[in-house]
2 protein chains.
Amino acid sequence: MNEVEFRELRYFVAVAEELNFSRAADRLGIAQPPLSRAVRQLERRLDVRLFDRDTRTVTLTPAGLALLDEARHVLTTMAGLTRRIRRAAHPGTPLRVTAKAGMAAGMLRAITGHYTALPGAPAVDILVSGYREQAAMVRDGRADLALLTPPYEARGLELEALAEEPRMAALPTGHPLTRHPTLHPADLEGLPMPRGPGEDGPGPVVHDSAQLLEVVGLGQAVALVPRYLADAHPRPDIVYRPLRDADPYTISVAWAEGNRSQAVALFVRAALELYADVPD
Amino acid sequence: MNEVEFRELRYFVAVAEELNFSRAADRLGIAQPPLSRAVRQLERRLDVRLFDRDTRTVTLTPAGLALLDEARHVLTTMAGLTRRIRRAAHPGTPLRVTAKAGMAAGMLRAITGHYTALPGAPAVDILVSGYREQAAMVRDGRADLALLTPPYEARGLELEALAEEPRMAALPTGHPLTRHPTLHPADLEGLPMPRGPGEDGPGPVVHDSAQLLEVVGLGQAVALVPRYLADAHPRPDIVYRPLRDADPYTISVAWAEGNRSQAVALFVRAALELYADVPD
DNA sequence: CACCTCTTATACCGTGCAGGTATGAATGAG
DNA sequence: CTCATTCATACCTGCACGGTATAAGAGGTG
């Protein structure tokens with residue numbers, strides 16, 4: 001009984017996502033029979049049935065579902081590792097740091113200024129990234145570091161908290177909840193909330209905070225926003241209300257789990273020196 | 001240019017650990033020439049030199065050092081994944097939970113009792129494990145859950161804090177520091193501290209708390225211990241002193257990153273219901 | 001300095017396995 | 001009943017993984 005190979009995980013994930021061997025094979029650029037065989041081999045190796053298949057339909061078993069989640073994690077870890085090592089080898093490559101527009105971008109500029117003044121610090125490329133894709137960029141190696149704001153999935157990342165901002169509820173003008181001077185998170189339960197691309201759930205998809213405010217102003221959703229955003233964008237069609245007892249809105253610096261690069265460590269230290277007012 | 005395969009990572013790690021192609025090949029059970037070729041192929045794939053080799057000695061390049069850390073992580077993740085999936089498929093397998101002897105073991109018994117009373121909860125195997133090897137057991141799949149106490153490496157784990165204990169300094173009777181009624185962590189800087197097997201640094205190696213107290217009693221080291229241990233083991237040859245401003249000694253429940261098993265989630269919930277007096 | 005040892009690199013060969021093609025079998029659609 | 005779709009089976013091919021033999025370079029040693 002041999003070891004599971006990376007290729008088999010790639011194949012498995014493709015099939016699990018397509019739930020169709022032929023289409024998955026197409027996507028992988030191989031023929032269908034070798035793919036079927038590879039998946040069977042993986043099943044034999046693990047001694048586990050991963051798919052229930054009859055001649056028409058393919059479905060994941062519970063074990064398959066569990067594997068899908070873990071295999072995806074391994075694949076993105078590997079993709080990120082590859083990118084990081086390739087870059088680490090060529091010295092003088094700039095550090096790539098990402099944050100969304102808004103307060104985080106401002107903090108990023110400040111940290112970068114502090115950092116580049118340090119001896120031995122390489123140049124920094126600032127990547128502006130879309131709504132809530134910062135974590136994914138770090139995981140798969142498109143960026144070395146990110147400033148993150150909740151919600152995010154911490155898996156595969158290491159974090160240091162930098163700063164906290166109180167949260168405000170953003171409501172369309174005239175919304176019934178605007179009668180209350182302050183709100184609790186529970187008041188917003190069940191209301192449509194905007195979500196980033198790739199997240200599922202109800203509510204409209206937005207790519208940046210301008211779009212987010214727009215959908216709130218149009219009455220399509222309510223949102224939780226950090227106070228700086230409320231201060232920076234007063235709008236006649238939006239009413240902001242402070243929230244009591246909400247989770248704090250913590251801005252953290254994040255890097256890939258296991259990334260022990262000198263430049264990354266230096267940047268994190270620079271960030272903590274500037275902003276570390278938050279206990280771990 | 002094809003994808004990096006697991007086999008190549010395994011080979012790379014073996015060479016990086018042995019720093020000798022022949023011995024590494026031996027350990028892997030293959031001949032030396034194919035191993036050399038595989039490593040060269042990995043270097044070509046990554047477009048990175050991983051080793052500086054002349055005909056006598058092999059050393060890691062900085063890029064190789066970075067890869068070693070990440071590759072080890074990927075390999076243990078894979079080993080754990082394999083074990084978890086294999087077990088997940090065979091329902092009715094008991095949940096394996098580990099903790100070191102002492103207070104954590106007592107908590108573990110209490111949680112287990114609470115848990116097994118729940119509907120649909122499978123049996124629980126309690127594994128007693130050695131000093132500070134709990135995290136490794138969860139990472140590589142030998143256990144599903146662990147109760148952890150600091151210090152530990154959180155990489156690859158997800159954690160929930162359960163309880164805190166104040167720390168005490170354990171000093172040999174007659175030690176100069178025993179003159180002070182309370183101590184600060186800085187007072188212990190530079191003194192020999194016991195360490196677990198596999199950790200490096202100065203200080204004697206111990207495998208359990210009995211050994212730990214023994215080396216303190218013999219004057220070979222000083223140690224930080226949770227208060228329950230001090231209460232449970234009064235000894236004439238050891239003096240305990242409370243510590244001010246020390247990091248709290250937090251006992252957490254931990255499971256493998258990405259493990260979304262029903263049984264694990266239920267166990268964590270049971271643990272939190274019993275003990276969750278610690279904010280996250 | 002010659003010789004031996006140790007270690008990695010090169011050359012060459014065989015075979016196992018990944019991947020391709022052709023086709024069968026099962027099942028749902030019309 | 002027929003056709004389309006989809007997964008499984010059978011068989012073939014080529015490559016790359018692994019093995020053996022050996023060269024080449026670098027220390028150590030008398």
Side-chain angles (χ1 to χ4, degrees), chain A residues 1-61 63-65 67-68 71 75 78 82, chain B residues 1-61 63-65 67-68 71 75 78 82:
Chain A
M1 179 85 60
N2 240 327
E3 286 269 9
V4 172
E5 275 300 333
F6 190 58
R7 185 178 44 84
E8 296 172 329
L9 288 189
R10 284 205 318 272
Y11 289 4
F12 164 76
V13 169
V15 174
E17 285 178 353
E18 299 283 347
L19 289 179
N20 180 314
F21 281 77
S22 307
R23 275 202 304 275
D26 205 36
R27 195 173 107 187
L28 293 166
I30 65 172
Q32 168 259 317
L35 176 60
S36 291
R37 206 183 37 179
V39 171
R40 287 209 107 70
Q41 179 174 1
L42 178 61
E43 290 181 319
R44 271 213 340 271
R45 285 212 170 120
L46 295 173
D47 193 24
V48 162
R49 280 244 321 293
L50 298 170
F51 297 103
D52 284 318
R53 32 210 192 283
D54 61 39
T55 54
R56 297 295 291 178
T57 69
V58 175
T59 55
L60 278 165
T61 62
L65 202 63
L67 180 61
L68 176 58
L75 293 189
M78 276 294 288
T82 306
Chain B
M1 181 86 60
N2 241 326
E3 286 270 10
V4 172
E5 280 295 338
F6 277 123
R7 185 179 45 83
E8 297 172 329
L9 289 188
R10 285 203 312 276
Y11 288 4
F12 163 76
V13 169
V15 174
E17 287 178 351
E18 300 282 346
L19 289 179
N20 178 313
F21 281 76
S22 307
R23 275 201 304 276
D26 204 36
R27 196 173 106 186
L28 293 166
I30 65 172
Q32 167 260 318
L35 176 59
S36 291
R37 207 182 36 179
V39 171
R40 283 208 113 63
Q41 179 174 1
L42 178 60
E43 290 181 320
R44 272 216 336 274
R45 284 213 171 119
L46 295 173
D47 194 24
V48 162
R49 280 244 321 294
L50 298 170
F51 296 103
D52 284 319
R53 29 202 187 293
D54 61 41
T55 54
R56 296 294 290 178
T57 69
V58 175
T59 55
L60 279 166
T61 63
L65 203 62
L67 180 62
L68 176 57
L75 292 186
M78 270 302 288
T82 306

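By convention in this document, chain letters (A, B, ...) are assigned in the order of the sequence lines, proteins followed by strands, and residues within each chain are numbered from 1. Given the structure is predicted, the values throughout are model-derived calculations rather than measurements. Excluded from the calculations below are hydrogen atoms, water molecules and symmetry mates; all remaining heavy atoms, backbone and side chain alike, are included.
- When heavy atoms are screened at a 4.0 angstrom cut-off, A:Ser22 is found touching the sugar-phosphate backbone but no base atom.
- Distance, A:Tyr11 OH to C:dA18 P: 9 Å, rounded to whole Å.
- A:Phe51 comes within contact range of no nucleotide atom at all, as no heavy-atom separation falls under 4.0 Å.
- The distance between atom CG of A:Leu42 and atom C1' of C:dA18, rounded to the nearest whole Å, is 15 Å.
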- Can B:Phe51 and B:Phe12 be said to form a ring pair (Phe, Tyr, Trp, His ring centres under 6.0 Å), step by step? CA-CA 10 Å; B:Phe51 296 103; B:Phe12 163 76; 5.5 Å; yes

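- The nearest heavy atom of DNA chain C to A:Arg56 and to A:Ile30 marks one nucleotide each, and the one closer to the 5' end goes with A:Ile30.
- When B:Val15, B:Leu19, B:Val13 are each tested for a side chain to side chain contact (heavy atoms under 4.5 Å, CB included) with B:Glu17, only one passes: B:Val13.
- Dashed line: the shortest gap from a side-chain N or O of B:Ser36 to OP1 or OP2 of C:dT8 is not under 4.0 Å.
- The distance between atom CZ of A:Arg40 and atom P of D:dC7, rounded to the nearest whole Å, is 12 Å.
- Taking atom CZ on A:Arg23 and atom P on D:dT6, their separation rounds to 7 Å, with Å as the unit.
- No donor-acceptor pair under 3.5 Å is formed between the side chain of B:Glu8 and the backbone N or O of B:Ala38.
- Taking atom CZ on B:Arg7 and atom P on D:dA16, their separation rounds to 11 Å, with Å as the unit.
- If you check distances only, the side chain of A:Arg37 does reach the base of C:dA18 with a donor-acceptor pair under 3.5 Å.
- Atom CZ of residue B:Arg40 and atom CZ of residue B:Arg53 lie 4.5 Å apart, to the nearest 0.5 angstrom.
- Under a 3.5 Å cut-off, the side chain of A:Gln32 and the backbone N or O of A:Phe21 do not form any donor-acceptor pair.
- Nearest-nucleotide positions on DNA chain C place B:Phe21 closer to the 5' end than the other of A:Ala38 and B:Phe21.
- Note on B:Asn20: every side-chain N or O is 4.0 Å or more away from OP1 and OP2 of C:dC6.
- Comparing D:dC7, C:dT8, D:dA10 against the side chain of B:Arg53 picks out C:dT8 as the nearest.
- In this structure, the CG atom of B:Asp26 is 15 Å from the P atom of D:dG18, given to the nearest Å.
- The distance between atom CD of A:Glu18 and atom C1' of D:dT5, rounded to the nearest whole Å, is 16 Å.
- When each of A:Gln32 and B:Gln41 is assigned the nucleotide of DNA chain D bearing its nearest heavy atom, the one mapping closer to the 5' terminus is A:Gln32.
- One interatomic measurement links the two molecules: CG of B:Leu28 to C1' of D:dG19, which rounds to 15 Å at whole-angstrom precision.
- Here A:Glu5 lies out of heavy-atom contact (under 4.0 Å) with every strand.
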